[in-house]
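Please read the structure below before turning to the comments.
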Amino acid sequence: MWTIEIIGAVDGQSHYELPYITGLLATDLQALAVGTAFVGRPGTLIYTNASDVIKVRSDLELTASQARDWMRRTLQKERQLAVHHPFKTWLLITGQDATSLVASICPRLEPLHIALKSASERQRNLVLLTAVFELYLTVAKTSGEKLDEGLSNFAVSAEGQVYYLDDEYYAWDGFVAFSIMLGVFIRSFFWFDVAFIEELGRNLVRLLRGVFQDTECQHVIAGQLQSMFMPNETKEHLLQRLIEVLRHPSDAKPTSTSTSLLSTVIAPKAAKRQASGRYLALLADIHANYPALTCVLDYLKAEHINEGIVLGDIVGYGPEPKACIERLQECGFQAIKGNHDYGAATGDTAKGFSREAKMAIDWTIGQLSADYRQWLNDLPVSIRQEDWYAVHGSPMDPDYFYAYVYTMTYQDNLDYMQQNGMGLCFHGHSHIPGIFARRKYNDVQKTGQIISLAAYQQALVCPGSVGQPRNGHTDTQFAIYDKELRRLSFMQLPYDYQSVIAKMRQYHLPEAFALRMLHGR
């Protein structure tokens, strides 16, 4: 015989009588199996009838006192997060042998991995997935934790309300697991088509902006999705369409709901546009230094190198952000977003900025119209092609442009590249030209004018800084990658940096930035 103690319900009310609970516990155990209505971790015991479910956590080995404390803490958190059914009630079950078990009872709901099997209820499916996103993102924002992404952990009531079923929460990882979840949805649901993925993407953008008050989140997710594996071209096209909606939601025109991807011509992967020439120019950290940028672009034009990538931080620190943006728009190079670009685009300098850097960003914002700031905000946070990857900060940083590659972090980044099938990564942010590379398990750091990558399986490449070098040189810095020979040429060109310092002082930008340019530090 069991003794049952009711600890409390999420909404603080009384919903279940002890005789009813005892009777439900006397029913047969429900089998757990993947794909069925009841899925759970080993040690989970399920008792159910048509209206309610009791879940017993036999995996928790606690004394009665410990169990009460655990449930009270859990109940307090559930009340704060408000993602569980309000009737969910925690129970302490004690056996004749004084064994204590943690349990809960709540109404029987339809798990979403079952509810979403139907291809015919498209609008309902859209509402359900959007509700999952809202629960997940709200918890991440308000608590710094995340829910378990498995759809079996979410369920819908007869009234259409979606709730979380699991008892556990996990450390928030900055959209990494969330992006993986989106990829799993695309791979798993046969009925996903272009129209559905576009509408789902637009709903997600609205939620991200509403919950996080930030447009950068959608670009972070888009960047994470870019490396997702898809089993065929149909699924790959859906993935690329979602990425495009996240990056440019206003450009995603509604598609007829009758349009199926199966009858749609597969489009080329525009997000992975390949450069056709032999040489690729690498520019990073221009920092609103127009004379330096002009010096580099004029040199490249004279050398007939017309393909390049700008590795972020077009603005910040320097005195001519508008002129730099206009020159880059004219030259046609690909560009990604750096943390200073993000700060100038959004006004968000809460993370990764010194007091002086924030002052420069505030000044920069005043120099740029809404169109220029929108251009910065629309830049991708990464670019991945068949043979290289580009990011401002470090390849393993979920935020893309805050973390640095330097002597304390390069091995972890090379590990990440090796584990994720990346051979070559271009990055900026450190302002120090050179490479970190791996041949099997032998890691090296190299600097020099010409460096061959042919012998290395992984390589991290920083071209230095166009506008604010920090390796003791005042010349502008960039690099040229020879794709045929897999060889890097690190370049330094003199230019009139004194005129830039004069403008910085004219506009009363922090003197520390002028001194950095003067000394190359």
Self-check item: Pairwise distance CG(Leu225) to CD1(Ile186) - rounded to 0.5 angstrom
Solution: 6.5 Å

Quiz prompt | Arg206 and Asn203 side chains, donor-acceptor separation under 3.5 Å | solution = yes

Quiz item: Between Gln218 and Arg209, does any side-chain donor sit less than 3.5 Å from a side-chain acceptor?
Solution: yes

Exercise. Enter the distance from Asn339:CG to Thr349:OG1 here, rounded to the nearest 0.5 Å.
Key: 11.0 Å

Quiz prompt | Heavy-atom closest contact (Lys55 atom, Asp166 atom, distance) | solution = NZ-CA, 4.3 Å

Quiz prompt | Arg241 side-chain N/O to Asp193 backbone N/O, donor-acceptor pair under 3.5 Å | solution = no

Exercise. Evaluate whether atom CD of Glu134 has more than 12 neighbouring non-hydrogen atoms of other residues, nucleotides or ligands under 6.0 angstrom away.
Key: no

Self-check item: Over 12 foreign heavy atoms within 6.0 Å of CG, Asn232
Solution: yes

Exercise. Assess whether side-chain hydrogen bond (donor to acceptor under 3.5 Å, both in side chains) is satisfied between Asp28 and Tyr47, documenting all intermediate values.
Key: CA-CA 7 Å; Asp28 293 335; Tyr47 301 87; over 6 Å; no

Quiz item: Taking the side chain as C-beta and beyond, is there a heavy-atom pair between Val10 and His85 under 4.5 Å?
Solution: no

Quiz item: Do you see a donor-acceptor pair shorter than 3.5 Å between the side chains of Thr63 and Ser65?
Solution: no

Exercise. Could you tell me whether the side chain of Trp375 reaches within less than 4.5 Å of the side chain of Ile325, counting heavy atoms only?
Key: yes

Quiz item: Would you say the side-chain atoms of His429 and Asp285 include a donor-acceptor pair closer than 3.5 Å?
Solution: no

Quiz item: Under a 4.5 Å cut-off applied to non-hydrogen side-chain atoms, are Arg57 and Leu60 in contact?
Solution: yes

Quiz item: Mind checking whether His219 and Tyr342 have ring centres under 6.0 Å apart?
Solution: no

Quiz item: Can you tell if the side chain of Ile365 reaches within under 4.5 Å of the side chain of Arg373, non-hydrogen atoms only?
Solution: yes

Quiz item: Is Asp52 salt-bridged to Arg108, going by a charged N under 4.0 Å from an acidic O?
Solution: no

Quiz item: Considering all heavy atoms of both residues, which atom of Ser152 and which atom of Leu165 are nearest to each other, and what is their separation?
Solution: O-CD1, 3.6 Å

Quiz item: Can you check whether Phe87 reaches Asp11 side chain to side chain, under 4.5 Å on heavy atoms?
Solution: yes

Practice problem: Indicate yes or no for a side-chain donor-acceptor contact from Tyr169 to the backbone of Val139 under 3.5 Å, with no hydrogens or angles considered. | Solution: no

Quiz item: Does the pair Tyr402 and His392 meet the rule for a ring pair (Phe, Tyr, Trp, His ring centres under 6.0 Å), with working shown?
Solution: CA-CA 8 Å; Tyr402 290 120; His392 178 65; 9.3 Å; no

Self-check item: Pair Glu145 + Lys77, salt bridge at N-O below 4.0 Å
Solution: yes

Quiz item: Looking only at atom types and distance, does a side-chain atom of Asp341 sit under 3.5 Å from a main-chain N or O of Val315, one as donor and one as acceptor?
Solution: yes

Quiz prompt | Gln329, CD: over 12 other non-hydrogen atoms inside 6.0 angstrom | solution = yes

Self-check item: Min side-chain heavy-atom separation Gln411-Met408 under 4.5 Å
Solution: no

Quiz prompt | Criterion ring-ring contact (aromatic ring centres under 6.0 Å, His included) against Phe133, the qualifying member of Phe154, Phe178, Phe175 | solution = Phe178

Quiz item: Regarding Glu236 and Gln240, is there a side-chain donor-to-acceptor distance under 3.5 Å anywhere?
Solution: yes

Quiz prompt | Side-chain touch Gln334/Val310, heavy atoms, less than 4.5 angstrom | solution = no

Quiz item: Is there side-chain contact between Leu116 and Leu151, with at least one heavy-atom pair below 4.5 Å?
Solution: yes

Quiz item: Does any donor atom in the side chain of Gln457 or Arg439 lie under 3.5 Å from an acceptor atom in the other side chain?
Solution: no

Quiz item: Side chains of Asn49 and Tyr20: donor-acceptor distance under 3.5 Å anywhere?
Solution: yes

